[in-house]
Amino acid sequence: MTGHTADGERAGGGRAPRAGNEPEDGGAPDPGAGPAAGPRLPGPAAGPDVFTFGETMVALRGSGPLKLGGTMQVSVAGAESNVAIGLARLGHAVRWAGAVGDDEAGALVLRTLRAEGVEVSGAALDPGAPTGLLLFEPRLPEVTRVHYYRAGSAGSRLTADAVEAALSAAPPRVLHLTGITPALSATARSAATRALRLARRQGALVCLDVNFRARLWTAEEATAVLREWVPFVDVLIASDDELPLCLPEGPAAPDGAPGPPAADPAAALASRAEALLDLGVGEVVVKLGAAGATVFSRALRDGSLHRPATPVRAVDAVGAGDAFVAGYLSALLDGEEPAGRLARAVTTGAFAVASHGDWEGAPTRAELGMLGTPPGTVVR
């Protein structure tokens, strides 16, 4: 595998790592360091606002059952690149450094990201493995099946050395990770773990979107990795049923899926978020789908803040979570308080739900206010 990284050095202004909370060898942080008061964003740097990486695949979208054939639309999709595109459309400098095959599919991935303003010079080309593929199969009006063809793909063979080289060349203000990349392979897991620890030593804010994928690994496997990562995380984003994966007790269900609903869901959610804050997470952001989102933080007067979802006519829910993350990080980079972050996040999530595709409906900054216009409005 070969890779190319951009030149650049870190300028001053970044925050120092938490004193006493991370050993040089990258082991578990010192539990005696105490909980964080909230995420601390470093100042301007020579590198990008956000650095992320993961597998981006060619996506084929059918109009009905795949076994019946028909035409398919060709695009690209990947959780981390969806976030990258969403941030770039909002005016932020973003760098993506995943791996693709040295093939036409890989060229499409890189061409699409470049066209959307995402910097990809740190991406790796793997001549020995293909770019991954996924097929979207709309089966019912609100049910879509997704079929993955990613075993042995270039994205799954991403190495820790390639990620470290790209991250060190231009240290970012924010490192964004998901729980998808460590599920792809042992090498991808090592790459994500090294990036996590390196980013903390560089003083970057670390954002983790749990993004559990049962087809890639079991809940027990996810818990083993995520529990080790949690003390390094500044902003943890998850759906309510994913939070147990990040806690010491792990998932409650024996079949490897997140556990059953609690008798008092609100109390259980608050308790789990509190436990994560105790472990050192600066802020826990819980995506609640149509119910909106809630942020938990020591910096909030009441400990938490809820924001209802922005009502829209749903067209395609795929990519809504990634759009939410892009909006949240965008507002964080802009210096917004938690209320402003949630407001932008539910807005960008609503744009995704109201549009077809993983990232195609992501708004620009100028479009953020469009959801408040009356139905039938023609913008001239």
Side-chain angles (χ1 to χ4, degrees), residues 1-6 8 47-58 76-88 92-102 105-106 108-114 116-126 129 131-132 150 153-202 204-211 213 216 225-226 229 232-233 235 237 322 325-326 329 358-359:
M1 180 182 297
T2 59
H4 308 280
T5 57
D49 291 327
V50 178
F51 177 95
T52 191
F53 62 94
E55 182 171 31
T56 297
M57 298 165 283
V58 167
V76 304
E80 298 85 1
S81 57
N82 292 344
V83 173
I85 291 173
L87 283 163
H92 301 284
V94 189
R95 194 173 201 218
W96 180 87
V100 296
D102 191 7
L108 174 62
V109 169
L110 297 180
R111 180 180 183 274
T112 301
L113 291 175
R114 288 192 194 99
E116 288 294 330
V118 177
E119 203 273 310
V120 296
S121 65
L125 293 177
D126 187 343
T131 301
R150 65 199 312 175
S153 67
S156 70
R157 289 164 35 128
L158 182 68
T159 67
D161 288 344
V163 170
E164 180 174 359
L167 183 56
S168 298
R173 299 177 70 194
V174 176
L175 169 68
H176 174 61
L177 297 172
T178 77
I180 297 174
T181 300
L184 297 176
S185 67
T187 55
R189 188 174 310 164
S190 296
T193 300
R194 188 181 298 183
L196 177 73
R197 292 170 175 164
L198 179 59
R200 287 304 304 271
R201 287 198 295 270
Q202 293 172 338
L205 181 144
V206 175
C207 173
L208 170 64
D209 183 2
V210 173
N211 237 331
R213 295 290 187 269
L216 296 178
V225 173
L226 296 174
W229 284 11
F232 294 85
V233 175
V235 177
I237 303 177
D322 300 330
V325 173
L329 288 179
D358 274 52
W359 52 268

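Below, each value reflects all heavy atoms present in this structure, side chains not excepted, and no hydrogens, waters or symmetry copies.
- Considering only heavy atoms from C-beta on, V94 stays 4.5 Å or farther from F51 through its side chain.
- To the nearest 0.5 Å, atom CG of residue L205 and atom CG of residue D49 are 12.0 Å apart.
- Closest heavy-atom contact between V233 and V235: CG1-O, 3.3 Å.
- Side-chain atoms of W359 come within 3.5 Å of backbone atoms of V76 as a donor-acceptor pair (strictly under, hydrogens ignored).
- Taking CH2 from W96 and CG from L87, the interatomic distance works out to 15.5 Å, rounded to the nearest 0.5 Å.
- The two atoms that bring F53 and A195 nearest to each other are CE2-CB, 3.6 Å, heavy atoms only.
- Considering all non-hydrogen atoms of both residues, L198 and E164 come closest at CD2-CG, 3.7 Å.
- S156 contributes no side-chain N or O that, together with a main-chain N or O of S185, makes up a donor-acceptor pair within less than 3.5 Å.
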Legend entry - side chain to side chain contact (heavy atoms under 4.5 Å, CB included) assessment of T178 paired with D322: CA-CA 10 Å; T178 77; D322 300 330; 5.9 Å; no
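- Here the side chains of C207 and I237 are in contact, with some heavy-atom distance below 4.5 Å.
- Two residues are said to be in side-chain contact when any heavy atoms from C-beta on lie closer than 4.5 Å; P48 and V174 fail this criterion.
- Between the side chain of T52 and the backbone N or O of S81, no donor-acceptor pair lies under 3.5 Å.
- Here the CZ atom belonging to R194 is positioned 4.5 Å from the CG atom belonging to D161, to the nearest 0.5 angstrom.
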Legend entry - Steps toward side chain to side chain contact (heavy atoms under 4.5 Å, CB included) verdict (H92, V50): CA-CA 8 Å; H92 301 284; V50 178; 5.7 Å; no
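- Contact of the Q202 side chain with the L175 side chain is not registered, since no non-hydrogen atoms from C-beta on lie closer than 4.5 Å.
- Minimum heavy-atom separation, A97 to L158: O-CD1, 4.0 Å.
- Atom OG of residue S153 and atom CE of residue M57 lie 7.5 Å apart, to the nearest 0.5 angstrom.
- Summarising the geometry, atom CG belonging to L177 is positioned 11.5 Å from atom CG belonging to N211; distances are rounded to the nearest 0.5 Å.
- Taking 4.5 Å as the limit, some side-chain heavy atom of E80 sits within range of a side-chain heavy atom of T181.
- Side chain of R150 to backbone of G155: no donor-acceptor contact under 3.5 angstrom is found.
- When all heavy atoms of A88 and E116 are compared, the closest pair comes out as CB-O, 3.4 Å.
- Going from atom CG of D126 over to atom OG1 of T131 covers 9.0 Å, rounded to the nearest 0.5 Å.
- Put simply, the side chain of V100 reaches to within 4.5 Å of the side chain of L125, judged on heavy atoms.
- Across all non-hydrogen atoms, the minimal contact from A123 to L110 is CB-CD2, 3.9 Å.
- Counting only distance, with no hydrogens or angles, the side chain of R200 and the backbone of F232 share a donor-acceptor pair below 3.5 Å.
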